[in-house]
Engineer: 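I am attaching a structure below and will ask some questions about it afterwards.
Note that ligands are numbered from 1 as they come in the structure, with each ligand's atoms numbered from 1 the same way. Everything quoted here is computed from the prediction, not taken from an experiment.
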Amino acid sequence: MIEKINAIKETFEKEVSQITDMKILNDIRVEYLGKQGKVTELSKLMKEVPNDKKKEFGILVNEVRMLVTNSLDEKKKELEEKDLNKRLANEKIDITLPATTLSNGAPNILEKTIEDMENLFMSMGYDVIEGPEIEQDLYNFELLNLPKGHPARDSQDTFYLEGDKILLRSHTSPVQARTMLEGKGEKPIRMVCPGKTYRRDDDDATHSHQFMQIEGLLIDEKVTLSDLKGTFDVAAKHLFGEDCVTRFRPSYYPFTEPSVETDISCFSCKGKGCALCKNTGWITISGAGVVNPKVLEMCGYDPKKWHGFAFGFGLERVAMLKYGINDIRTFYQTDLRQNKVFDRKEDN
Ligand code: PHE
């Protein structure tokens, strides 16, 4: 009997040392501790053992059961640990791998310029308003002292949508007429209006069939050209720095009288002359003037009581100068590389 027990112990120890996975372990557990397992069968032999040997036999069988149970439990732990280590090794995160870079979005430079100018003019008491891009000939031309056949219409080669009455606005100035008509000749006006405008231009580095302007209109009882000059001066210094010098050059627009082109001193060469300012030392950034009394009258404001000035900035022009962009088409192309350039300019 004792020999039998020892034989079982011996084969068990051999088998345990050869366990390499859970399946083998479970098979061995059944082989020894299952219903017909080797250890279970041993206990069944108890009835054949003489009474005086029963105690000793019982102790020996128990020892074997403990040995098998403990060894298998230990082996199980060992296997689980090995398995865990293997998984940890496989799933290890390699912190030396370079991270995938996320590219940040950047505010659109035109949008940023608009916002900047809106904030500036709001700080001077102006309202920001909008007008329609599909406009009537009436507002785009007639109420601005550009009757049919007026030669100045030619300089704004216009997209007509329906006959000769409905068009894509060729400038933001129709919003002047709309605002005055709304004011009914009764109240002062301070407004700026940014927005898209359209002309039948061929697209090149400085022209686009669609571009943006920011219109300004101020109407009050005592307004002169020098108020326009002061306002333009503040705007120019805000946009291009405190040492920016401004000047007016005589010009012609049917809706302003007198009319001017507004120049800033070239910030690139400080007025000495360079490619940017075409060696003049000056850069033109808007058209402006004193509101023509005829326009005031047509739009319901008594020119004997009311006076005003108006201006129209080319928004892309301002943004191009401010951010050093040399082709207007880059604003309207969906080239993500260009956005990156905008992004960097943003940082400066
Ligand atoms: N509307 C003019 C243009 O598009 C600019 C302008 C606006 C001129 C206001 C005078 C006053 O060229």
Engineer: Can you check whether His171 and Phe255 have ring centres sitting under 6.0 Å from each other?
Structural biologist: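 Yes, ring centres under 6.0 Å apart.
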Engineer: Is it the case that Ser173 and Glu215 place a side-chain donor and acceptor less than 3.5 Å from each other?
Structural biologist: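 Glu215 and Ser173 do have a side-chain donor-acceptor pair below 3.5 Å.
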Engineer: Does the pair Asp137/Arg153 count as a salt bridge with the N-to-O cut at 4.0 Å?
Structural biologist: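 Salt bridge between Asp137 and Arg153, a charged N being under 4.0 Å from a carboxylate O: yes.
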Engineer: Quick check: does any side chain N or O of Lys196 sit under 3.5 Å from a backbone N or O of Glu133, one acting as donor and the other as acceptor?
Structural biologist: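 No, because the side chain of Lys196 does not come within donor-acceptor range (under 3.5 Å) of the backbone of Glu133.
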Engineer: Who passes ring-ring contact (aromatic ring centres under 6.0 Å, His included) against Phe267, sequence neighbours left out?
Structural biologist: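 By the ring-ring contact (aromatic ring centres under 6.0 Å, His included) rule, Phe267 matches Phe240.
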Engineer: Going by the ring-ring contact (aromatic ring centres under 6.0 Å, His included) test, name the single residue among Phe248, Phe121, Phe232 that passes it with Phe311.
Structural biologist: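 One option only clears the test, and that one is Phe121.
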Engineer: One pair per line, please: each N/O atom of ligand 1 matched with every protein N/O atom under 3.5 Å away, atom names first, then the distance to 0.1 Å.
Structural biologist:
residue	atom	partner	partner atom	Å
ligand 1	1 (N)	His171	ND1	3.0
ligand 1	1 (N)	Ser173	OG	2.9
ligand 1	4 (O)	Arg199	NH2	2.9
ligand 1	4 (O)	Gln213	NE2	2.9

